[in-house]
Amino acid sequence: MEGKLYLYNTLSRTKVEFKPIKPPFVGMYVCGPTVYGDAHLGHARPAITFDLLFRTLTALGYKVRYVRNITDVGHLEHDADEGEDKIAKKARLEQLEPMEVAQYYTNRYHHAMEKLNVLPPSIEPHASGHIPEQIKFVEKILDAGYAYISEGSVYFDVEKYNQKFHYGKLSGRNIEELLETTRELDGQTEKRRSIDFALWKKAAPEHIMRWESPWSDGFPGWHMECSAMATKYLGEEFDIHGGGMDLMFPHHECEIAQSTAALGHESVHYWVHNNMITINGQKMGKSLGNFITLDEFFNGTSHKNAEGKELIEKAYSPMTIRFFILQAHYRGTLDFSNEALQSAEKGLARLMEAYARLGKLTASDTTTVDVKDLRKKCEEAILDDLNTPIVISNLFEAAKAINTVADGKGKISKEDLEELRSTYKLFVEDILGLQVADSGNNGKLDSYKKAVDLLLNIRLEAKQNKDWATSDKIRNELTALGFNIKDKKDGFEWDL
RNA sequence: GGUACCUUGGCCGAGUGGUGAGGCACCAGUCUGCAAAACUGGGUACUGCAGUUCGAUUCUGCAAGGUACCUCCA
């Protein structure tokens, strides 16, 4: 694929042409999960959005280094937890090593991502494995004069930073406003200003996860790992930084401040943020307790909300979830509902059936269906800030043409057929990352398929003999077993 | 309270200053022994009010409703 990619840059609040610093190389950093719980539907959104971007960049010929971190050092909690490390807290509850908990959820995250056909990133650094880098980064900020030490902790001096740089440029906030609205939080007394944030935090005695540093036994601040690890693997300046919109402030704002203070210049050229998934119009999030985990979707596990009402009516395949997410633009909210998910499921099935039929079409000498500009239309859509809904709508338009030809009501030339196949392959599989079902090609599966074909051929013979009783019996019983039988002009199609 | 954003047909969701993206659901027709599938046709949606305009769903203003961020969150 060729062409200019336009991306919405949160920094400028406009769509801009994507120009890498050093083509053909592209560096992309995306905020990954905090591994102290199962991934929920909300986590699937950035994973799929940036997987899509990764795939699109790759299809454009870029050599992408995609870094997605694992946050396994935990961060401060509010309320009664008084700065207790999240992972440590869970570890004590379950009598597990903190790293055991982190590993457990990391594995589960990986499994869920694999099911969603999310490609693994090039590098997946763990925060806990980069403590020295983070300490060095804090030292740089101290040396530059934008941080101060207070009772074993190190804080970023936002006000001082703002005198030379612009704190709030990403999220559109100004300091005066923040000073008025920030609440009382833990560590307030140690900090000079409420808006200052921790770069290194001294650990309380009961805090299990801790590391040595020049200032105290403690742990890195909320935003430190991303600055340190992005710099380590992508350099002082890199192309794209992604994450959920809810991370814009304070997380990404603080990251910009930290990196700029330490390096003397900004790091990220394009900030890309995906919007939230909502449920009943409200953000699905850990703190709201209204989330549904990916495993629950995949297994159809019962999930009751606070009022005891079932949130999911049935199991949804990973590809349904992926398709559901891709049917909306990444910058818009996407509302979860069973109805929406079930319509996505059916739509996906229709699209994939057309794709399967496409593989079986035979070419004619002429073309009577309109498939001309499919590739061009899909390319324009994906290059326009990853407009997957438009890509999909174009694929559906082409699906009609495919079905028409498959029904024998239209013709397609060899040239057009090949073009259509390669376009479908590129967009359905390579870019949207929609997996073709039962691509498995082992002997057992083959025998099983042949057995079903055999039954249906017997039915075909019965039909030719107008033996409707036998014909219907075969169809009805196969249907009862979960098969879908579709009669064609001179044959049949089936799936499970 | 501050800041930003959103409001599209039964549902989900694109998009545009002027011939109704697409999916799901629904209705009718074609095909079929029947069914399913497929194809074809069917609905004049753009929160309300006012303004700009030859013309607004699209621009401006006001109003109503909703959401996000300001605190860990994807």
Side-chain angles (χ1 to χ4, degrees), chain A residues 13 30-34 36-37 39-50 74-79 81 86 168 171-174 176-178 180-186 195 222 242-251 253 273-278 281-288 291 323-324 327-329 331-348 350-351 353-354 357 377 381 387-397 399-400 402-404 406-410 463 466-468 471-472 475-476 479 484-489 492-494:
Chain A
R13 311 258 164 180
V30 174
C31 289
T34 303
Y36 69 101
H40 60 73
L41 186 60
H43 292 96
R45 189 117 199 238
I48 289 171
T49 298
F50 293 102
H75 291 307
L76 296 174
E77 283 205 340
H78 65 307
D79 294 342
D81 298 318
K86 276 178 186 169
S171 56
R173 269 151 234 271
N174 62 67
E176 292 76 26
E177 190 184 286
L178 285 167
E180 287 166 14
T181 57
T182 306
R183 285 197 231 161
E184 293 289 310
L185 288 169
D186 173 56
I195 47 171
W222 313 0
M245 265 184 181
D246 49 353
L247 297 179
M248 243 164 70
F249 191 91
H251 185 56
E253 198 69 71
H273 292 97
N274 64 274
N275 213 320
M276 302 293 106
I277 285 182
T278 57
Q282 201 183 32
K283 174 182 159 183
M284 184 180 283
K286 190 151 280 165
S287 51
L288 291 164
F291 61 93
F323 187 71
F324 171 67
Q327 262 191 314
H329 185 82
R331 278 193 293 112
T333 54
L334 172 59
D335 199 49
F336 156 85
S337 72
N338 281 281
E339 206 182 350
L341 230 35
Q342 280 163 30
S343 86
E345 185 176 50
K346 286 177 187 168
L348 175 67
R350 194 164 118 83
L351 185 68
E353 264 175 46
R357 283 180 190 135
K377 285 181 192 162
N387 199 327
T388 50
I390 297 287
V391 172
I392 290 169
S393 91
N394 283 314
L395 291 172
F396 272 115
E397 284 289 297
K400 273 187 189 171
I402 292 168
N403 287 328
T404 302
D407 276 357
K409 290 172 185 158
K463 274 176 66 182
K466 297 202 191 294
D467 177 3
W468 309 130
S471 146
D472 287 352
R475 185 176 66 197
N476 292 343
T479 303
N484 274 317
I485 314 299
K486 297 166 198 165
D487 285 0
K488 307 293 286 186
K489 265 227 153 37
F492 51 81
E493 246 179 34
W494 64 269

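In terms of heavy-atom proximity, His273(A) sits nearest to Gly244(A) at CD2-O, 3.4 Å. Among all heavy-atom pairs drawn from Val391(A) and Ala381(A), the shortest one is CG2-CB, 3.6 Å. Pairing each heavy atom of Leu288(A) with each of Lys283(A), the nearest pair is CD1-O, 3.2 Å. Residues Ala328(A) and Leu334(A) share a closest heavy-atom pair of CB-CD1, 3.8 Å. Here the shortest heavy-atom pairing between Phe291(A) and Gly285(A) reads CD2-O, 3.6 Å.
Of all nucleotides listed (A14(B), C73(B), G33(B)), G33(B) comes nearest to the side chain of Trp468(A).
Aromatic ring orientation, Phe323(A) versus Phe396(A): perpendicular (interplanar angle above 60°, classes split at 30° and 60°).
The partner of C69(B) is G2(B), by the rule that a Watson-Crick or G-U pair needs both atom distances under 3.5 Å. Of all nucleotides present, only A64(B) satisfies the Watson-Crick or G-U wobble test against U7(B), with each distance under 3.5 Å. Pairing partner, A56(B): none, since no Watson-Crick or wobble contact has both distances short of 3.5 Å. The pairing partner recorded for U19(B) is none, the criterion being a Watson-Crick or G-U wobble arrangement whose two distances lie under 3.5 angstrom. When Watson-Crick and G-U wobble pairs are counted only if both distances are under 3.5 Å, G41(B) pairs with C27(B).
Residue-level contact check: Gly42(A) touches the bases, meaning some heavy atom is under 4.0 Å from a base atom. Using a 4.0 Å heavy-atom distance criterion, Met276(A) is classed as a base contact. Using a 4.0 Å heavy-atom distance criterion, Glu345(A) is classed as making no nucleic acid contact. His329(A) comes within 4.0 angstrom of sugar-phosphate atoms only, judged by non-hydrogen atoms across all strands, and of no base. At a threshold of 4.0 angstrom between heavy atoms, the contacts of Leu341(A) with the nucleic acid are absent.
Contact check on Lys377(A) versus Glu397(A) returns no salt bridge, with no Lys/Arg side-chain nitrogen under 4.0 Å from an Asp/Glu carboxylate oxygen.
Of the P atoms belonging to C59(B) and U3(B), the separation is 22 Å, rounded to the nearest Å. Distance check on atom P: U40(B) versus C31(B) gives 16 Å, rounded to whole Å. Comparing the C1' positions of A56(B) and U16(B) gives a spacing of 10 Å, expressed to the nearest Å. Between the P atoms of G15(B) and C69(B), the separation comes to 23 Å (whole Å). With both ends at atom C1', the span from A45(B) to A50(B) equals 22 Å, rounded to whole Å. Look at the P atom in both U47(B) and U53(B): the space between them is 23 Å, to the nearest Å. Nucleotides A64(B) and G23(B), compared at atom P, are 39 Å apart to the nearest Å. Separating the C1' atom of U8(B) from that of U57(B) is a span of 7 Å, rounded to the nearest Å.
Between the base of G33(B) and the side chain of Ser471(A) there is a donor-acceptor pair shorter than 3.5 Å. Contact annotation: side chain of Asp472(A) to base of G33(B), donor-acceptor pair present below 3.5 Å.
Distance CZ/Arg173(A) to CD1/Ile195(A): 12.0 Å, rounded to 0.5 Å. Put simply, CG on Asn274(A) and CZ on Arg331(A) are 11.5 Å apart, with the number rounded to the nearest 0.5 Å. Atoms CD and OG1, from Gln327(A) and Thr388(A) in turn, are 9.0 Å apart once rounded to the nearest 0.5 Å.
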- Item | Under 4.0 Å protein heavy-atom contacts per nucleotide of nucleotides 35-42 of chain B, with B for base, S for backbone only and - for none | BBSSSS--
Kindly give the atom pairs (protein nitrogen or oxygen, nucleotide nitrogen or oxygen) under 3.5 Å for nucleotides 44-46 of chain B.
none

Restricting to nitrogen or oxygen on both sides, can you table the protein-nucleotides 25-29 of chain B pairs closer than 3.5 Å?
from	atom 1	to	atom 2	distance (Å)
A25(B)	OP1	Lys346(A)	NZ	3.3

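Both Ala340(A) and Asn394(A) lie close to RNA chain B; mapped to their nearest nucleotides by heavy-atom distance, the more 5′-ward contact belongs to Ala340(A). Mapping Gly32(A) and Phe336(A) onto RNA chain B by nearest heavy atom places Phe336(A) at the nucleotide closer to the 5' end.
Annotation: cation-pi geometry satisfied between Lys286(A) and Tyr36(A) (NZ/CZ under 6.0 angstrom from ring centroid, within 45° of ring axis).
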